[in-house]
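Letters A, B, ... mirror the listed sequences (proteins, then strands); counts begin at 1. Fair warning: this is a prediction, and the values are worked out from it, not measured in the lab.
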Amino acid sequence: MEGYPHQEIEKKWQEFWEKNESNRVTEDLSFPKEKRLYILDMFPYPSGEGLHVGHPEGYTATDILSRYYRLNGYNVLHPMGWDAFGLPAENYAIKTKIHPSITTQKNINTFTRQIKSLGFSYDWSRTFSTTDPEYFKWTQWIFLKFFEKGLAYKSKAPINYCPSCKTGVANEEVVNGCCERCGTPVERRLIDQWLLKITAYADRLLDDLELVDWPDDIKTMQKNWIGRSEGANIIFDIDKFNERIEVFTTRADTIFGATYLVLAPEHPLVDKITTSGQKKEVLDYKQKTLNKSDLERTSLNKEKTGAFTGSYAIHPLSGKLLPIYISDYILMHYGTGAIMAVPAHDERDFDFASKFRLPIVQVVAPERDMAISLDKPYVEDGYSINSAQFSGLPTSKCAERIIEELERMKKGKRAVTYKLRDWIFSRQRYWGEPIPIINCPDCGHVPLKYEQLPLLLPLIDSYEPAGDGTSPLSKVTSWVNVKCPKCGADAKRETNTMPNWAGSCWYYLRYTDPHNDKEFASIEKQSYWMPVDIYVGGKEHAVLHLLYARFWHKFLFDLGLVTTAEPFMKLRNQGLILGENNQRMSKSRGNVINPDDIVKEFGADTFRMYEMFMGPLETSKPWNKNSIGGIRRFLDRIYDYFTSVSLDAESLPPDIDRLLHKTIKKVGEDIETISAYNTAISALMILLNELQNLESIPRKVAQSYIVILSVFAPHIAEELWGTVGDGKPIFLKPGDREVLWPSYDESRIKDETVTYAIMISGKKRATIEMPAGANRQDVENEAKKLPMVQKYLENAHIKTIIFVQDKIINFVL
RNA sequence: GCCGGAAUGGCGGAAUUGGUAGACGCACGAGACUCAAAAUCUCGCGAGCUUCACAGCUUGUAAGGGUUCAAAUCCCUUUUCCGGCACCA
């Protein structure tokens with residue numbers, strides 16, 4: 001590739017910035033807080049494949065923002081690190097016997113080299129990996145706080161278990177219900193697991209979404225995930241048993257339409273109330289349900305299945321007997337694990353009732369007293385019918401009255417239910433943070449003392465799972481067997497490790513004070529830097545990472561350990577970069593682009609600018625090799641022009657001066673959108689196209705152009721600054737920085753003349769130039785002079801004239 | 001199945017949020033330079049039609065309908081694609 005020598009220039013300036021500490025922050029906390037900014041990327045998992053072209057998309061956007069704000073006088077914290085615990089390193093270790101820490105370090109080195117080759121302005125003095133003991137010491141410390149406050153608890157929870165590999169497998173490793181490695185159908189097993197009580201924060205996680213500037217679709221996803229719904233728990237006594245079933249419903253108004261009850265197959269009452277004649281059928285059905293995942297239970301079987309228990313419940317208001325069924329469309333962990341089925345007004349109940357020939361009773365009508373044909377359920381609100389003294393009431397009113405009545409009878413009460421479930425926090429894996437708990441037969445779960453942290457992973461030589469579903473750690477007897485710190489009896493360490501989400505729940509706090517060995521971060525530094533002002537990453541973290549991190553943050557907030565209610569004020573997502581064939585990049589499709597190749601051939605500046613020019617940040621867009629060449633040509637033209645143009649001119653021609661000011665305004669505004677980088681770059685192209693007609697321009701103009709360019713293409717800009725600049729580099733260490741970003745003059749942006757579109761009955765027929773701000777009558781008179789317009793106006797009656805200042809005049813005939 | 005998002009030239013995308021559709025770039029075509037090619041520069045480039053030409057007409061933003069002086073933009077119906085999913089009572 002000819003043109004400017006990108007390899008030489010990029011290396012030179014990357015070394016300069018690093019040596020000069022150009023990317024550091026000022027640690028002087030008296031620097032005004034309103035001029036500090038925390039701009040963060042979601043840190044990557046350093047995979048063995050190396051950097052993907054999708055990573056630099058978000059990183060370039062935040063780099064542009066960081067450089068832009070620094071050039072405007074801000075103190076910008078812009079760090080990078082590694083989320084390095086996880087499955088791939090462990091699976092690789094099982095295959096190769098190479099310790100995950102070695103693979104991880106190698107991958108981190110590769111990622112670091114690749115990211116540095118793109119010239120991002122990260123402050124590398126603050127980097128760390130979640131696998132560093134100095135870091136996960138504090139992850140464990142926070143876990144102990146959860147334990148101390150009763151928010152970490154042990155309970156039975158299901159795992160996917162492969163009976164052939166004799167190991168637990170992650171959801172990701174289950175393909176079509178079978179183990180990814182051996183193809184054996186995966187079973188579900190209940191084992192003792194640690195859970196974090198995220199449900200205790202459900203309402204606050206929901207309500208505080210109001211406080212943050214996040215994309216609406218992400219907020220909606222979190223709201224739906226938390227899934228708060230208000231309704232009532234209603235008690236049904238069971239006929240011939242001294243037992244009762246509590247159901248949750250959001251439609252208490254439909255209670256007179258309940259014709260049967262359904263329990264989740266796992267419901268504890270099932271065995272008790274199943275009559276002897278039905279035992280076999282119920283048992284068989286429970287067995288079948290056991291190995292179905294929620295996904296299968298909920299999406300695959302359109303055909304409803306179930307079994308009759310043989311028992312009947314007593315309707316609390318009508319006294320009628322309702323048969324009790326079990327069915328897998330009822331999930332134990334939602335609501336009470338039991339429902340009253342109202343087939344006339346619920347689709348799932350309708351399907352079930354149709355299949356099992358159960359009665360369907362209409363109790364809601366769209367209009368008062370109107371009956372509808374029940375070939376499908378009526379799920380809308382309306383007016384109650386067939387509901388005793390409640391008939392005639394509108395839906396919401398009716399529900400209220402019925403709940404009041406049930407409360408009076410002590411047969412029900414208002415209730416709120418969430419879809420959100422507690423977070424299963426243990427994994428039967430090696431490569432994660434060890435859970436700092438000792439299990440003593442007498443004292444139960446005994447936490448390690450804070451001074452005993454970090455609890456390191458023991459070195460082992462076989463990473464194969466233990467074979468009984470427990471972690472490989474359980475094989476390391478020298479590590480597992482300890483004395484109970486409380487009573488001194490023989491005890492065992494917890495062998496489950498934390499999930500890979502743990503480390504990413506608080507890493508943004510650590511960046512504010514990354515080398516602190518007394519606290520996870522000092523309150524002083526946190527309160528200066530937090531919250532994160534701008535957080536950029538992929539949409540795939542919409543619920544898990546972003547919800548878990550918010551949960552930890554709120555927990556720490558309650559303990560007075562952090563200073564803000566929310567961690568991330570503004571969130572933006574980057575879109576997917578697809579392969580040239582418009583499909584997701586993957587090895588198997590053979591459409592993967594390696595960033596190294598692009599940097600080598602075209603240079604980092606071209607790569608960065610191309611990714612920003614592809615389209616708005618948040619949309620997904622396909623890679624196109626030809627288009628990169630266009631960006632490279634643009635940078636070559638910039639290089640040629642600014643190394644040859646004379647800088648002696650006094651001023652620019654007025655129209656180009658106007659364009660310059662417009663460009664400064666537009667680019668600044670586009671950058672701040674965190675989206676429209678493509679149009680910012682096109683504005684720079686338009687300006688260059690005009691400047692190229694001039695042999696001489698003022699030095700000040702060249703400086704403005706290069707400074708604007710520098711946030712997108714820092715290396716070439718820094719190089720050209722040597723020619724047009726003031727003797728000092730653009731990007732300097734905090735104390736040496738100046739506000740270099742050019743300002744624009746609003747009064748010099750206004751055009752003197754504007755083009756009016758002349759429309760006849762809404763169709764454009766001609767255009768005329770008029771002075772800006774011309775009055776309606778003048779425009780009308782000028783327009784009528786045009787032969788083109790006269791042609792249409794003669795023999796026609798003008799009904800009305802629509803005039804839009806500086807835009808159009810429309811003659812409606 | 002449910003929820004969310006999207007659909008604009010050969011391609012990526014613009015469009016002041018209801019006001020001249022197609023900015024900018026790619027690809028392509030013609031020309032200049034060259035012995036030639038590459039690179040570079042200049043011009044053209046939604047489709048169809050009329051015209052020697054200047055120019056003009058029709059049509060066009062997934063499809064169909066509607067609101068409006070005016071719709072890529074707002075409303076209704078439909079189709080396709082992408083993302084998410086936990087049958088959530």
What is the separation between atom CD on A:E611 and atom P on B:rG13, rounded to the nearest whole Å?
14 Å
Nearest-angstrom distance, P atom, B:rA14 to B:rC74:
16 Å
Just label B:rU17 as syn or anti from its O4'-C1'-N9-C4 or O4'-C1'-N1-C2 angle, using within 90° of 0 for syn.
syn
Given B:rC26, B:rC57, B:rC88, identify the nucleotide with an atom nearest to the side chain of A:K419.
B:rC88
May I have the distance from A:E57 (atom CD) to B:rG12 (atom C1'), rounded to whole angstrom?
13 Å
Beyond-backbone contact of A:F811 with A:I758, side-chain heavy atoms, under 4.5 angstrom
yes
Just to be sure I understand the rule, does A:K763 reach a base, reach only the sugar-phosphate, or reach nothing, if contact means heavy atoms closer than 4.0 Å?
sugar-phosphate
Determine: side-chain N/O of A:S229 to OP1/OP2 of B:rA89, distance under 4.0 Å, yes or no.
yes
Among B:rA86, B:rG13, B:rC69, the one nearest any side-chain atom of A:N678 is B:rG13
Judged by atom type as modelled, is there a donor-acceptor pair below 3.5 Å linking the side chain of A:N678 to the main-chain atoms of A:M614?
no
From B:rC24, B:rC88, B:rC57, nucleotide with atom closest to A:I686 side chain:
B:rC24
Mind checking if A:M340 touches a base, just sugar-phosphate, or nothing, with heavy atoms under 4.0 Å?
nothing
Residue of the set A:Y677, A:W623, A:F602, A:F712 for which ring pair (Phe, Tyr, Trp, His ring centres under 6.0 Å) holds with A:Y610:
A:W623
Which nucleotide in the list B:rA89, B:rC24, B:rC69 gets nearest to the side chain of A:F613?
B:rC24
Watson-Crick or G-U wobble partner of B:rC35, both distances under 3.5 Å
none
Between B:rC49 and B:rU67 - C1' atom distance, rounded Å:
32 Å
Using purine N1 to pyrimidine N3 plus N6-O4 or O6-N4 for Watson-Crick, or N1-O2 and O6-N3 for G-U wobble, both under 3.5 Å, which nucleotide pairs with B:rC11?
B:rG25
To the nearest Å, how far apart are A:M759 CE and B:rU20 C1'?
7 Å
Starting at NZ of A:K662 and ending at P of B:rU16, how long is that distance when rounded to a whole Å?
15 Å
Side chain of A:Y744, backbone of A:K666: donor and acceptor closer than 3.5 Å?
no
Minimum-distance nucleotide to A:N810 side chain [options: B:rC57, B:rA89, B:rC69]
B:rC69
Is the phosphate of B:rU20, meaning OP1 or OP2, less than 4.0 Å from a side-chain N or O of A:Y756?
no
With P as the reference atom in both, quote the distance from B:rU58 to B:rA21 in angstrom, rounded to an integer.
13 Å
Can you check ring-ring contact (aromatic ring centres under 6.0 Å, His included) on A:Y705 and A:F642, steps first, answer last?
CA-CA 10 Å; A:Y705 195 95; A:F642 286 101; 5.2 Å; yes
In whole angstrom, give me the gap between the C1' atoms of B:rG5 and B:rG9.
24 Å
Please state how far atom CG in A:N224 lies from atom P in B:rC3, giving the value in whole angstrom units.
10 Å
Calculate the interatomic distance between A:K666 atom NZ and B:rA14 atom C1'; express it in whole Å.
9 Å
Answer yes if the side chains of A:S384 and A:D253 hold a donor-acceptor pair under 3.5 Å, and no otherwise.
no
Can you tell me the base-pairing partner of B:rA6? Count Watson-Crick or G-U wobble geometry only, both distances below 3.5 Å, and say none if there is no partner.
B:rU80
So, OP1 or OP2 of B:rC57: does either fall under 4.0 Å of a side-chain N or O from A:R765?
yes
Are side-chain N/O atoms of A:Y418 and A:D203 paired as donor and acceptor at under 3.5 Å?
yes
C1' atom, B:rU61 versus B:rA6: distance in rounded Å?
14 Å
If the cut-off is 4.0 Å, is A:Y792 near the phosphate of B:rC57, judged by side-chain N/O to OP1 or OP2?
yes
Hey, does A:T220 reach any base, or is it just sugar-phosphate, or nothing, if we go heavy atoms under 4.0 Å?
nothing
Which nucleotide in the set B:rC57, B:rU59, B:rA23 lies at the smallest distance from any side-chain heavy atom of A:S682?
B:rA23
Interatomic distance at C1', B:rG83 relative to B:rC28, whole Å
34 Å
Taking B:rG10 as the reference, what is the distance to B:rC45 when you measure between their C1' atoms (whole Å, please)?
11 Å
Nearest-nucleotide pick for A:R637, side chain only, options being B:rC41, B:rC24, B:rC85:
B:rC41
Closest of B:rU20, B:rA27, B:rC24 to the A:N626 side chain is B:rA27
Chi-angle category of B:rG9 [syn within 90° of 0, anti beyond]
syn
Contact nearer the 5' end of RNA chain B, comparing A:K621 with A:G335
A:K621
Under 4.0 Å, heavy atoms only, any strand: does A:T800 hit a base, just the sugar-phosphate, or nothing?
nothing
Whole-Å distance, A:K539 NZ to B:rG84 P, equals 11 Å
Report yes or no: is there a donor-acceptor pair, N or O only, under 3.5 Å between the side chain of A:R251 and the base of B:rA89?
no
Taking atom P of B:rA89 as reference, at what distance in whole Å does atom CD1 of A:I234 sit?
14 Å
Among B:rA23, B:rU16, B:rA27, which is the nearest nucleotide to the side chain of A:R633?
B:rA27
Expressed as a whole number of Å, how far does the C1' atom of B:rG22 sit from that of B:rU8?
8 Å
Quick one: label A:N689 by what it contacts on the DNA or RNA (base, sugar-phosphate, nothing), any heavy atom closer than 4.0 Å.
sugar-phosphate
Under a 3.5 Å cut-off for both contacts, is B:rA70 paired Watson-Crick or G-U wobble with anything, and if yes, with which nucleotide?
none
Partner of B:rU59 under the Watson-Crick or G-U wobble criteria, both distances under 3.5 Å, comes out as B:rG46
Residue matched to B:rC85 through Watson-Crick or wobble contacts both under 3.5 angstrom:
B:rG1
Taking the minimum atom-to-atom distance to the side chain of A:I808, which one of B:rG19, B:rA89, B:rA15 wins?
B:rG19
I want to confirm an ordering. Mapping A:Q692 and A:S620 to their closest nucleotides on RNA chain B, which one lands closer to the 5' end?
A:S620
Can you tell me the base-pairing partner of B:rU17? Count Watson-Crick or G-U wobble geometry only, both distances below 3.5 Å, and say none if there is no partner.
none
Side chains of A:I198 and A:L205: closer than 4.5 Å at any heavy-atom pair?
yes
Write down the atom of A:M332, the atom of A:P268, and the distance for their closest heavy-atom approach.
CE-CD, 4.0 Å
